[in-house]
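These notes are about the structure you will find just below.
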Number of protein chains: 2
Amino acid sequence: MSPTSQTLTAERILEATEEVLRRHGPAKATVVDVARALGVSHGSVYRHFRTKAALREAVTKRWLDRTTQVLAAIVAAPGLDPETRVREWLAALFAAKRRKAFDDPELFATYSVLTTETAETVVSEHIADLTGQLTEIVRVGVDTGAFTTDDPATTAVALFRATDRFHDPHYAREWELPGVEGEFEAVVELLIRGLRR
Amino acid sequence: MSPTSQTLTAERILEATEEVLRRHGPAKATVVDVARALGVSHGSVYRHFRTKAALREAVTKRWLDRTTQVLAAIVAAPGLDPETRVREWLAALFAAKRRKAFDDPELFATYSVLTTETAETVVSEHIADLTGQLTEIVRVGVDTGAFTTDDPATTAVALFRATDRFHDPHYAREWELPGVEGEFEAVVELLIRGLRR
DNA sequence: CGGATGACAGATATTGAAATCTGTCACCTG
DNA sequence: CAGGTGACAGATTTCAATATCTGTCATCCG
């Protein structure tokens with residue numbers, strides 16, 4: 001009946017939603033559009049997601065989790081000294097965000113809006129995931145004697161906050177300005193020096 | 001003729017503009033409103049400011065400069081060691097912004113909008129002023145042997161950017177959350193440690 | 001004559017009626 | 001009978017007509 005008449009799964013709906021969001025932007029993407037893209041009635045979409053907000057939340061979480069997974073690889077990578085691991089983790093976060101912003105500006109702008117309007121919990125869980133990863137790196141650094149701190153978790157949050165400028169979508173416009181790379185390195189340098197014993 | 005029939009000066013217009021902005025907000029504050037508040041025709045306002053944008057720019061600059069002046073006192077204050085001076089300067093910046101945001105939320109929100117829509121130069125000059133002050137503090141710190149850095153100006157920018165979260169109006173909502181004070185101190189602690197020889 | 005005025009043209013914002021969307025649910029259909 | 005449908009009520013958005021505002025300037029006034 002429809003062009004893609006496989007069974008309707010949450011995953012297929014999320015894919016269609018992302019496509020509709022990319023095409024129409026956050027303001028004009030409707031549940032009806034998503035249903036149309038899937039060749040089903042909008043009632044069917046509501047069978048998988050209770051509200052439009054829940055759908056947007058799910059698609060946002062999916063997007064944020066992709067970054068979390070990339071960074072987890074750096075936490076787990078063997079053979080890095082703690083200092084290098086922190087540098088690479090922060091650089092990877094910056095690079096991932098910058099790539100998203102540059103490669104598909106429409107979609108990035110869309111998700112930037114979604115993260116501000118979506119339920120606070122999705123974003124704060126994402127931040128908790130990321131600072132959790134950083135905490136692990138710092139903790140290992142302290143254990144091996146490379147770093148000093150009273151409390152790895154507090155220090156991890158400080159590292160994350162001090163680098164907000166280089167991962168908060170709010171600053172995305174400035175990520176293509178010349179000199180940002182230098183600013184990033186100067187901040188990281190200062191922070192790494194602050195971590196050292 | 002009007003309730004306040006002194007001569008019409010740029011300063012009086014700026015005062016009236018701030019009042020109109022506080023009352024009506026940035027979206028609904030018009031040049032006609034400002035003229036009405038002063039008991040003159042809007043043509044007279046255009047005699048002092050070429051455009052509405054120029055008027056908004058001037059009132060924004062005036063607002064930003066007030067903070068710059070407060071902080072200049074800390075740069076010049078005698079008898080502070082460099083580390084304390086950095087701590088106090090950053091704390092004063094945070095405190096000044098937080099006070100503005102808390103004491104008069106309407107006006108603060110208004111100026112937050114103005115700084116995003118106003119000509120880039122006003123804001124970047126403000127930032128240049130502030131990082132200039134920080135550069136001076138860092139430079140003295142290096143000269144007295146308290147700090148190490150290749151380039152005080154770069155380091156000053158890094159200090160400013162690493163603390164964006166605690167002075168960028170974008171984050172104002174989070175300045176009243178519990179724990180912000182702790183986050184601020186953790187970031188400053190890390191940065192100060194990074195400055196030390 | 002220096003400074004203020006208000007009528008005016010084009011740009012921008014407001015408003016309210018019509019169109020669309022969200023979320024529900026009784027009813028299909030394979 | 002599990003999964004899908006589409007009509008429906010209330011909420012939200014769109015659109016075009018109307019009102020207001022911006023910026024200019026010929027004219028006025030002390």
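Basis for what follows: all heavy atoms, side chains included, without hydrogens, waters or symmetry-related copies. Below, chain A is the first sequence line, B the second, and so on; all start at residue 1.
- For C:dG3, its base never sits under 3.5 Å from the side chain of B:Arg47 at any donor and acceptor pair.
- Mapping B:Ser41 and A:Val31 onto DNA chain C by nearest heavy atom places B:Ser41 at the nucleotide closer to the 5' end.
- Closest to the side chain of A:Tyr46, out of D:dT22, D:dG23, C:dT22, is C:dT22.
- One interatomic measurement links the two molecules: NE2 of B:His24 to P of D:dT20, which rounds to 14 Å at whole-angstrom precision.
- Spacing between atom CG of A:Leu8 and atom C1' of D:dA2 amounts to 13 Å, rounded to whole angstrom units.
- Rounded to whole Å, atom C1' of C:dT12 lies 14 Å from atom CD of B:Glu117.
- Nearer to the 5' terminus of DNA chain C, by closest-nucleotide assignment, is the contact made by B:Ala27 (compared with the other of B:Ala27 and A:Val32).
- Transitive grouping of hydrophobic side chains (ILVMFWY, heavy atoms separated by less than 4.5 Å) brings A:Leu71 and A:Ile192 into a common cluster.
- B:His42 contributes a side-chain N or O that forms a donor-acceptor pair with the base of D:dG23 under 3.5 Å.
- Contact annotation: B:Ser44 reaches the phosphate of C:dT5 (side-chain N/O to OP1 or OP2, under 4.0 Å).
- A straight line from NZ of A:Lys28 to C1' of D:dT14 spans 10 Å, rounded to a whole angstrom.
- We find that NZ of A:Lys52 is positioned 8 Å from P of D:dT13, with the value rounded to whole Å.
- When rounded to the nearest whole Å, the span between CG of B:Leu55 and P of D:dT22 equals 10 Å.
- Ring orientation note: the planes of B:Phe184 and B:Phe94 are tilted relative to one another, at an angle of 30° to 60°.
- For the pair A:His48 NE2 and D:dT5 P, the computed distance is 10 Å after rounding to whole Å.
- When only modelled atom types and interatomic distance are considered, A:Lys61 and A:Thr118 share no side-chain donor-acceptor pair under 3.5 Å.
- One hydrophobic cluster, built from ILVMFWY side chains closer than 4.5 Å, cannot hold both B:Val113 and B:Leu21; they sit in different ones.
- Counting to the nearest Å, the C1' atom of D:dT5 and the CZ atom of A:Arg36 are 16 Å from each other.
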